Amino acid sequence: MPMEKTFDAAAAEPRLAAAWEAANAFAAGANAKPGAEPFCIMIPPPNVTGSLHMGHAFNNTLQDILTRWHRMRGFDTLWQPGTDHAGIATQMVVERELAKSNRRRTDFSRADFTRLVWEQKKKSRGNIIGQLKRLGASCDWSREAFTMSGAPGAPDGEAGNFHDAVIKVFVEMYNKGLIYRGKRLVNWDPHFETAISDLEVEQVEVNGNLWRLRYRLADGVSYEHPVAFDDEGRATDWETRDYLVVATTRPETMLGDTGVAVHPDDVRYRHLIGSHVVMPVTGRRIPIVGDAYADPDKGTGAVKITPAHDFNDWGVGTRTGLRVINVMDTRAAIALRDNADFAEGCPADLIAAAIERFDGRDRYEVREAIVTLARDDGWLDGIDADRHMVPHGDRSKVAIEPFLTDQWFVDTAKIVGPALDAVRDGRTQILPERDTKTYYHWLENIEPWCISRQLWWGHQIPVWYGPGVEPDGKSDYSTEGLKVFCGTTFAEVAAQARAYYGVASVHEKADLSAALEDQLESFSHAEASVSLWRDPDVLDTWFSSGLWPIGTLGWPEQTPELQKYFPTSVLVTGFDIIFFWVARMMMMQLAVVGDIPFRTVYVHALVRDEKGKKMSKSLGNVLDPLELIDEYGADAVRFTLTAMAAMGRDLKLSTQRIAGYRNFGTKLWNACRFAEMNGVWEGHATQGAAPQPKATVNRWIVGETARVREAVDEALAQYRFDAAANALYAFIWGKVCDWYVEFAKPLFDDAATAAETRATMAWVLDQCMILLHPIMPFVTEELWGLTGRRDKLLVHADWPAYGSDLIDPAADREMNWVIALIDEIRSARAQVHVPVGLKLDMVQLSLDEAGRAAWMRNEALIRRLARIETLTEAAAAPKGAITIAVEGGAFAIPLEGIIDIAEEKARLAKALDKLRKDLGGLRGRLGNPKFVASAPEEVVDETRTLLEQGEDEAAKIEAALARLAEIG
RNA sequence: GGGCGCGUAGCUCAGCGGUAGAGCACUACGUUGACAUCGUAGUGGUCACAGGUUCGAUCCCUGUCGCGCCCA
């Protein structure tokens with residue numbers, strides 16, 4: 001059945017994908033040569049509930065190119081797929097679902113809720129995986145991993161040991177002192193009611209106010225505040241104040257103020273350091289402290305200090321010994337009732353009034369209320385509009401609160417060293433190189449990593465608490481006094497506890513109160529026992545995905561895959577997760593197994609819309625890769641992303657561009673169709689070696705093929721995906737289709753050349769399919785199947801290794817001359833408006849030896865492509881002819897009566913003008929003795945040659961012009 | 001404020017010490033034995049600006065201007 005005119009991507013893609021799957025084509029080690037070197041890529045696991053966006057499409061296209069390329073080259077290749085359980089994101093999906101029927105997470109038991117999330121996981125997993133498959137991602141799908149596989153409560157079909165790996169790492173790091181628990185100010189997300197890490201906080205610039213509040217000085221103190229200044233900034237007038245004005249963007253936090261800071265060198269205030277103010281509302285007496293954090297140029301120079309609700313204030317409080325008063329609950333509502341810290345040191349009536357007024361209300365409501373109160377009571381000094389940064393949760397999009405809680409931290413300072421060294425000494429290479437700076441900068445200034453999350457979906461922290469034992473033998477159940485047991489299972493922990501407490505039996509209880517209850521009961525038992533309860537928190541998602549390289553390969557089991565594929569070869573990822581993921585994988589792999597996770601990290605940029613805007617749902621400029629695949633085919637989308645993947649640069653995607661590359665696929669398709677019509681594929685089977693044709697044209701295209709193979713390999717070896725794509729585009733369209741296919745037409749008519757041309761064309765087109773396959777897998781696989789008897793699918797075809805040995809320099813020169821001649825004739829014809837279809841006679845005025853030989857050998861195709869009827873020799877050009885000057889010769893085409901003499905004059909004059917300009921430059925250089933002396937010899941030689949050729953050509957054009965002048 | 005980039009044809013971008021390229025867009029012509037998802041020919045650039053290094057600078061260095069991004 002003859003080929004269709006175009007490739008039907010929509011129909012072919014599922015069929016081809018099924019064929020690959022049936023052949024197990026992507027399995028680890030498939031198509032590996034004996035003793036092959038391993039090549040392994042770990043997919044950056046998408047969120048299990050996610051769907052494919054343009055960034056994924058880009059990221060996975062690049063990985064697939066590398067994977068397919070290596071697999072075809074016979075490497076022992078593994079592209080490891082999987083998904084991430086994505087703690088907050090996934091829990092959010094389920095909670096949103098529940099909210100539709102007015103239910104909350106807390107309406108369920110933890111186990112029941114977790115079961116719902118597992119169900120959601122099962123339901124959504126297929127989405128993203130199916131979408132990756134539609135892109136053509138050649139992952140070993142039989143090895144699909146999940147960051148929570150094997151976790152307690154995991155349903156059937158979720159076997160695996162990733163959970164074991166995560167727990168084991170936590171326990172080991174805890175035992176080595178790399179993980180600790182601490183009461184610290186953390187970023188608290190009031191929406192999800194959990195701590196988050198620094199990285200999950202986004203700074204958002206918002207329009208707000210700077211409110212100035214008057215805090216009354218205690219003990220009758222007053223001071224002179226400067227109010228007028230001379231030109232040099234010296235105070236010239238003062239007023240007496242018995243209050244201090246502080247400026248704040250967050251008035252509501254004044255309820256937790258425990259100090260006012262001024263700069264120790266600030267002449268306005270420094271004498272007040274050590275004095276006190278009495279707070280409005282609460283009547284609390286708080287000190288004025290000196291600290292360099294107070295910037296004399298910002299606000300009023302005096303800043304209220306709330307150590308419990310601001311990171312900077314926490315620092316000031318720590319340095320100057322201020323109290324810490326927490327006035328908010330986990331949802332960022334003001335919490336004053338039964339708040340002993342708050343009540344301490346304040347008059348009871350004021351406390352009662354404050355509770356009445358503010359307790360239980362949202363932070364923003366209280367802000368309004370405080371400002372109103374301040375205005376009414378006369379301690380609002382003023383309001384200035386102020387634009388400032390407010391930290392927001394990257395998932396919840398609500399303003400985060402610095403919040404004082406007990407959390408678990410990785411002591412990153414202790415494990416950062418090896419991760420820095422590995423990049424510094426080149427064991428791991430980050431590309432583009434500038435991203436190493438980003439990596440260094442972050443790691444060199446690394447902060448402790450808060451890894452506990454107050455969520456239910458995730459790896460529960462393997463820590464159990466029991467009572468502390470005081471010197472007098474009493475049990476201590478206070479938060480600070482608890483004894484921590486860390487182990488991979490309760491049995492392990494129970495053994496530790498039995499030894500620690502010297503008791504025979506240890507029970508596990510749900511929480512502290514259940515444990516206490518049990519403990520009280522145990523007094524009535526004969527046997528001494530202790531009850532422990534597990535830390536309810538789960539680990540940051542990135543803690544587990546930080547173990548992705550070893551975890552997916554089966555660690556802690558010493559699997560053959562781990563032996564073979566670790567350290568992995570390349571990580572392909574976006575720059576936005578260098579900190580989240582890349583740096584942490586480096587630190588953790590080095591800390592846990594003492595080796596780098598990957599040898600190369602290829603960092604790519606962002607996919608933007610065609611105007612350069614970040615794609616976002618709210619802007620409505622999101623291009624959905626799946627819709628694009630539906631419309632243009634996966635190959636077109638892939639090729640577009642590849643061609644635009646200049647290292648480290650954002651790519652602006654337009655559908656026009658995708659359509660252009662879809663056309664490129666069609667172009668190759670039709671070249672193959674042309675071949676089919678000319679019997680090229682009759683009896684064709686994959687050739688092991690390149691053909692050795694005799695005709696110059698065929699020898700030339702074989703050499704060009706060898707060139708592009710080298711270019712593609714070199715480009716891919718350097719991760720220059722764009723260069724690989726462009727080299728193939730230029731070769732297939734610009735060389736094979738534009739010239740070779742055209743040249744072949746007359747060759748097919750000649751019995752002497754037909755056979756070898758068929759063989760050559762078959763080979764060349766095979767090479768096109770092979771070389772293009774990593775970027776455009778579908779159309780090439782389809783063509784491969786349609787065009788010959790094949791032992792293997794194209795996905796497993798042997799990648800060629802031939803090189804410049806196939807280039808025949810003589811054929812190269814000759815074909816370049818032929819192409820230049822055809823170009824010249826076509827250009828001349830078009831410019832003097834000779835109808836395209838008209839066949840003309842041509843006169844050869846002069847031609848050197850090489851030119852004559854070239855003409856002889858290629859006459860048929862020159863005549864055909866330049867539309868020349870006959871060639872005769874003559875010493876001089878006939879009247880009314882156009883002149884064609886080429887290297888080594890000149891031709892004329894008589895066009896008397898057909899062309900406009902003036903037009904031909906103009907054409908030649910223009911050509912001559914450009915030529916003279918070029919020659920002027922060349923002469924100028926050669927005339928400069930310093931150039932001849934200093935420039936490399938080959939550059940000087942080349943310049944001389946160019947000059948000679950140019951002068952020769954100019955002479956011919958001048959002669960032609962002179963002739964035209966005679967005619968008038 | 002600190003850091004990293006980027007300013008090349010109308011647009012999107014390659015190039016990078018030897019005198020400027022691609023795709024798209026645009027103009028004219030055209031169904032010549034694959035392809036109109038096409039062909040042929042063409043228009044279009046003091047390579048942001050100013051200095052410096054060099055025989056020679058779009059490319060290297062310095063500064064200026066403009067635009068992004070990241071971290072505070």
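In this text the structure is predicted, and so the values were computed from the model without any measurement. Note: hydrogens, waters and symmetry copies are ignored here, and every other heavy atom, side chains too, is used. Numbered from 1 within each chain, the chains take letters A, B, ... in sequence-line order.
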*Should Leu628(A) and Met54(A) count as side-chain neighbours, where that means a heavy-atom distance under 4.5 Å?*
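Contact flag for Leu628(A)/Met54(A) side chains = yes.
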*Residues from residues 740-753 of chain A lying under 4.0 Å of RNA chain B - heavy atoms*: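 Close to the strand are Val741(A), Glu742(A), Lys745(A), Asp749(A).
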*Which of residues 921-939 of chain A have a heavy atom under 4.0 Å from RNA chain B?*
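Here the set is Arg925(A), Asn928(A), Lys930(A), Phe931(A), Ser934(A), Ala935(A), Pro936(A), Val939(A).
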Would you mind checking if [Y] and [X] are paired as a salt bridge, meaning a charged N to carboxylate O distance below 4.0 Å?
{"X": "Arg707(A)", "Y": "Glu704(A)", "result": "yes"}
{"X": "Arg916(A)", "Y": "Asp918(A)", "result": "no"}
{"X": "Glu202(A)", "Y": "Lys397(A)", "result": "yes"}

*asked:* Can you measure Gln203(A) atom CD to rG2(B) atom P for me and round it to whole angstrom units?
replied: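 About 19 Å, once rounded to whole Å.
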*Roughly how many Å is it from CD1 in Ile732(A) to C1' in rA22(B), rounded to a whole number?*
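Value for this atom pair: 16 Å.
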*Apply side-chain contact (heavy atoms from CB on, under 4.5 Å) to Asn445(A) and list each qualifying residue two or more places apart in sequence or on a separate chain.*
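Asn445(A): side-chain contact (heavy atoms from CB on, under 4.5 Å) contacts with His441(A).
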*Does NZ or CZ of Arg424(A) come closer than 6.0 Å to the centre of the six-membered ring of Tyr440(A), within 45° of the ring's axis?*
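Relative to the ring axis of Tyr440(A), which defines the angle, Arg424(A) lies inside both limits.
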_Which nucleotide wins on minimum distance to the side chain of Arg720(A), given the candidates rG23(B), rA14(B), rA34(B)?_
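Given the options rG23(B), rA14(B), rA34(B), the side chain of Arg720(A) is closest to rA14(B).
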*Do nucleotides 37-47 of chain B as a string where each nucleotide becomes B, S or -: B if the base has a protein heavy atom under 4.0 Å, S if just the sugar-phosphate does, - if no protein is that close.*
BSSSSSS----
*Reckon Cys672(A) touches a base, only the sugar-phosphate, or nothing at all at heavy-atom distances under 4.0 Å?*
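Result for Cys672(A) = nothing.
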*Please report the shortest heavy-atom distance between Trp739(A) and Gly734(A), naming the atom on each side.*
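Closest approach of Trp739(A) to Gly734(A), heavy atoms only: CD1-O, 3.3 Å.
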_Wobble G-U and Watson-Crick pairs count when both distances are under 3.5 Å; given that, what is the 5' to 3' dot-bracket string of RNA chain B, with | for pairing to other strands?_
(((((((..((((....[..)))).(((((.......))))).....(((((..]....)))))))))))).
*For Thr248(A), check side chain to side chain donor-acceptor pair (under 3.5 Å) against everything at least two apart and list the hits.*
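With sequence neighbours excluded, Thr248(A) shows a side chain to side chain donor-acceptor pair (under 3.5 Å) to no residue whatsoever.
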*asked:* Check this one for me: any side-chain N or O of Lys437(A) less than 4.0 Å away from OP1 or OP2 of rG5(B)?
replied: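 Lys437(A) to rG5(B) OP1/OP2: side-chain N or O found under 4.0 Å.
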*Ring centers of Tyr661(A), Tyr729(A) separated by less than 6.0 Å*: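 Between Tyr729(A) and Tyr661(A), which both carry aromatic rings, the centre distance is below 6.0 Å.
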